[in-house]
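I have placed the structure first, in the form of structure tokens, so that the comments after it can refer back to it.
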Amino acid sequence: MSQAQNKYIPIYAVVFSVIVKCLFFLTHHIQEDAFITWRVAQNLMDYDVIGFNGDTRISASTTHLYVFVSYIFNLIFGKANFIIPILTFNTILFSVGSLLLSHLLFQNNWHKALFIILFGILPPAIKISILGMEYGILFFLEMALLYYGFKKQQKWAFILFPILILFTRVDTVIFLGIVFLVDLFWNRKLRWEYILGGVLGVAVCVSFNWFYFGEWVNNTIVAKKLAYDNAFPLQQNIEYFILNYGNFWGMLKVPSDFNPITILIIIFELVCFIYLVRQKQKRNYFLWIIFLFGWAKQIVFLSQKSLFDWYYWVPQILLFVPVLVFVITQKTRRNFWLASLVVFYIVPMLAFQTVHSIATGNGEWNYRRSIGLFLNQYEKDKNQWILLEPAGYVPYFSGLKTIDEVGLVDKKIQEEIKKDKSRIWINTIEKRHPKYLLANKDLFEGKKGEFYRSKYRLLKEFRIKDHLKSENPLLEKIYRLKPSGTDYNLYVRIN
């Protein structure tokens with residue numbers, strides 16, 4: 001194959017990676033929070049307001065940039081048809097980001113192509129691409145900063161990308177900070193263009209929040225901090241960490257107190273990283289950046305008891321990069337290392353993610369979405385309110401105004417959280433009288449049962465067991481093997 005043809009091999013790998021991940025669209029595995037962002041975008045279309053409930057301004061989405069991107073896709077394709085196009089867009093951006101990353105790590109185009117394919121079918125890569133959240137855009141922007149800024153030395157990249165990255169998620173200050181520290185240590189000089197980009201990025205985010213929403217940081221950050229702020233003693237913190245660490249470093253969420261696979265993965269990642277950086281190659285600069293960022297991001301978020309696994313997708317996959325580089329660049333017994341990695345890790349992980357996406361897609365799209373669709377048909381007055389948790393699928397597909405228990409999409413409930421967390425629902429009902437309640441328990445039982453019975457009646461029960469059947473025997477086995485969903489009771493106010 002000629003050199004001219006050879007240079008297109010990584011592009012072909014990107015196309016292949018995109019096609020493979022697009023097959024996962026068939027599972028309908030879309031993250032709950034994606035529908036919060038998409039509803040905010042549609043609220044902007046309908047009311048010219050960035051919010052969740054009509055003309056009330058609130059930063060209900062963690063990301064600003066992705067709200068505007070979603071807004072554009074809704075305008076172009078319409079509310080009924082934008083989801084597949086935007087998921088495809090996210091998938092393409094992530095795959096292009098992996099191409100840029102391969103340029104930072106390899107010279108050989110065949111090595112780049114192999115890296116792109118293996119990297120792209122790991123579970124975090126699939127989830128970043130298909131679950132509808134902002135991480136496809138974010139990964140692309142971060143890799144574009146490293147490639148165009150720190151490899152190609154384009155001054156515009158130092159200014160533009162930090163602004164876009166921070167406007168996507170404010171917690172990316174961790175990534176930008178690690179890049180700054182590694183670059184300062186490595187080159188022993190300050191990059192003033194990069195510092196300017198970081199300052200402008202912070203200024204743009206803070207200014208936008210303040211002048212539009214009247215707040216310094218996103219409401220989602222304030223709400224989660226308020227709702228999930230638990231002070232545990234040392235022993236409980238240790239137990240908490242042991243229970244959850246394996247879900248994040250190991251790429252595999254398992255319902256157990258100890259995940260030994262994670263220990264092996266961490267050790268292998270560290271060994272591969274140390275082996276590579278001892279070789280004194282140009283790529284070491286970027287290996288240090290992504291490896292230190294991966295550890296820093298996970299330690300910071302685990303220390304804050306942030307258990308939502310999407311916070312860890314990008315660090316998870318970047319921490320595995322040294323393993324892929326080590327295997328791909330082996331000069332002796334490379335086929336053995338590659339075959340072992342594929343057979344004993346890549347393929348099992350891909351199989352697990354396939355089962356997980358099929359089961360979760362059924363629990364979310366087929367089950368939880370059905371609650372929203374039922375309410376959409378039952379209640380024609382979209383100015384009626386519903387109190388529930390979480391605020392994704394059901395509000396999006398019902399079209400009802402929403403009060404969520406955490407306060408992501410409604411600030412008023414945060415005052416009730418501050419007063420008395422044990423009486424959030426009761427106090428909210430007494431003051432605001434929402435027409436509907438959606439709860440994952442029987443509200444008519446227990447000490448507060450009489451209160452609820454005096455104001456509401458049971459409208460409908462939703463049970464996950466009713467959604468575990470399929471005409472396809474294999475799908476039904478997967479649904480029953482890994483049931484994904486929660487039983488809900490829907491209540492309507494007594495007039």
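What you see below is based on every heavy atom in this structure, not just the backbone, and it leaves out hydrogens, waters and symmetry mates. Please read these numbers as outputs of a predicted model, since none were measured by experiment.
Between the side chain of S61 and the main chain of T63, a donor-acceptor pair closer than 3.5 Å is present. A donor-acceptor contact shorter than 3.5 Å is absent between the side chain of R368 and the backbone of E364.
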Side-chain donor-acceptor pairs of residues 385-394 under 3.5 Å, sequence neighbours excluded:
residue: E389; atom: OE1; partner: E405; partner atom: N; Å: 3.4
residue: Y393; atom: OH; partner: I30; partner atom: O; Å: 2.7

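The closest side-chain donor-acceptor pair between N209 and H64 falls under 3.5 angstrom. One side chain, Y396 or Q42, offers a donor N or O that lies under 3.5 Å from an acceptor on the other. Side-chain contact of E379 with S398: a donor-acceptor pair under 3.5 Å is absent, judged by distance alone. Between the side chains of N472 and S470, no donor-acceptor pair of N or O atoms lies under 3.5 Å. Checked by atom type, the side-chain pair N53/R39 shows a donor-acceptor distance below 3.5 Å.
Ring-plane geometry between F77 and F73 is classed as parallel, the angle between the planes falling under 30 degrees on a 0 to 90 degree scale with a further cut at 60. Note on ring orientation: taking the six-membered ring where Trp is involved, the planes of F119 and F115 are parallel (angle under 30°, cut-offs 30° and 60°).
The number of heavy atoms from other shown groups lying within 6.0 Å of OH (Y47) does not exceed 12. Within a 6.0 Å sphere centred on NZ of K380, other residues, nucleotides and ligands contribute more than 12 heavy atoms. Sparse packing is recorded around CZ of F16, with 12 or fewer heavy atoms of other residues, nucleotides or ligands lying under 6.0 Å away.
Taking all atoms of both residues into account, the shortest heavy-atom contact from N43 to V49 is ND2-O, 3.0 Å.
Residues D33 and M133 are in side-chain contact: their nearest non-hydrogen atoms beyond the backbone lie under 4.5 Å apart. The closest side-chain heavy-atom distance from R57 to K411 is not below 4.5 Å.
Both tests pass for K297 against the ring of F301: distance under 6.0 Å to the centre and angle within 45° of the axis. The cationic group of R493 does not satisfy the cation-pi geometry with Y436, failing either the under 6.0 Å distance to the six-membered ring centre or the 45° limit from the ring axis. Judged by a 6.0 Å distance limit and a 45° cone about the ring axis, R457 is not positioned over the six-membered ring of Y491. Remark: K460 qualifies as a cation-pi partner of F462 under the 6.0 Å distance and 45° angle criteria applied to the six-membered ring.
Each of F175, F293, F94 was checked for a ring pair (Phe, Tyr, Trp, His ring centres under 6.0 Å) with F139, and the lone residue meeting it is F94. No option in F35, F374, W38 other than F35 meets the ring pair (Phe, Tyr, Trp, His ring centres under 6.0 Å) test with F397.
The existence of a salt bridge linking R463 and E461 is confirmed by a sub-4.0 Å separation between a basic side-chain nitrogen and an acidic carboxylate oxygen. Ion pair D410/K412 not flagged as a salt bridge, since none of the NZ, NE, NH1 or NH2 atoms sits closer than 4.0 Å to an Asp/Glu carboxylate oxygen. Under 4.0 Å is where a charged nitrogen must lie from a carboxylate oxygen, and between R169 and E134 at least one such pair does. Ion pairing between K421 and E416 fails under the 4.0 Å rule for side-chain N and carboxylate O.
Going from atom NZ of K21 over to atom CD1 of I92 covers 10.5 Å, rounded to the nearest 0.5 Å.
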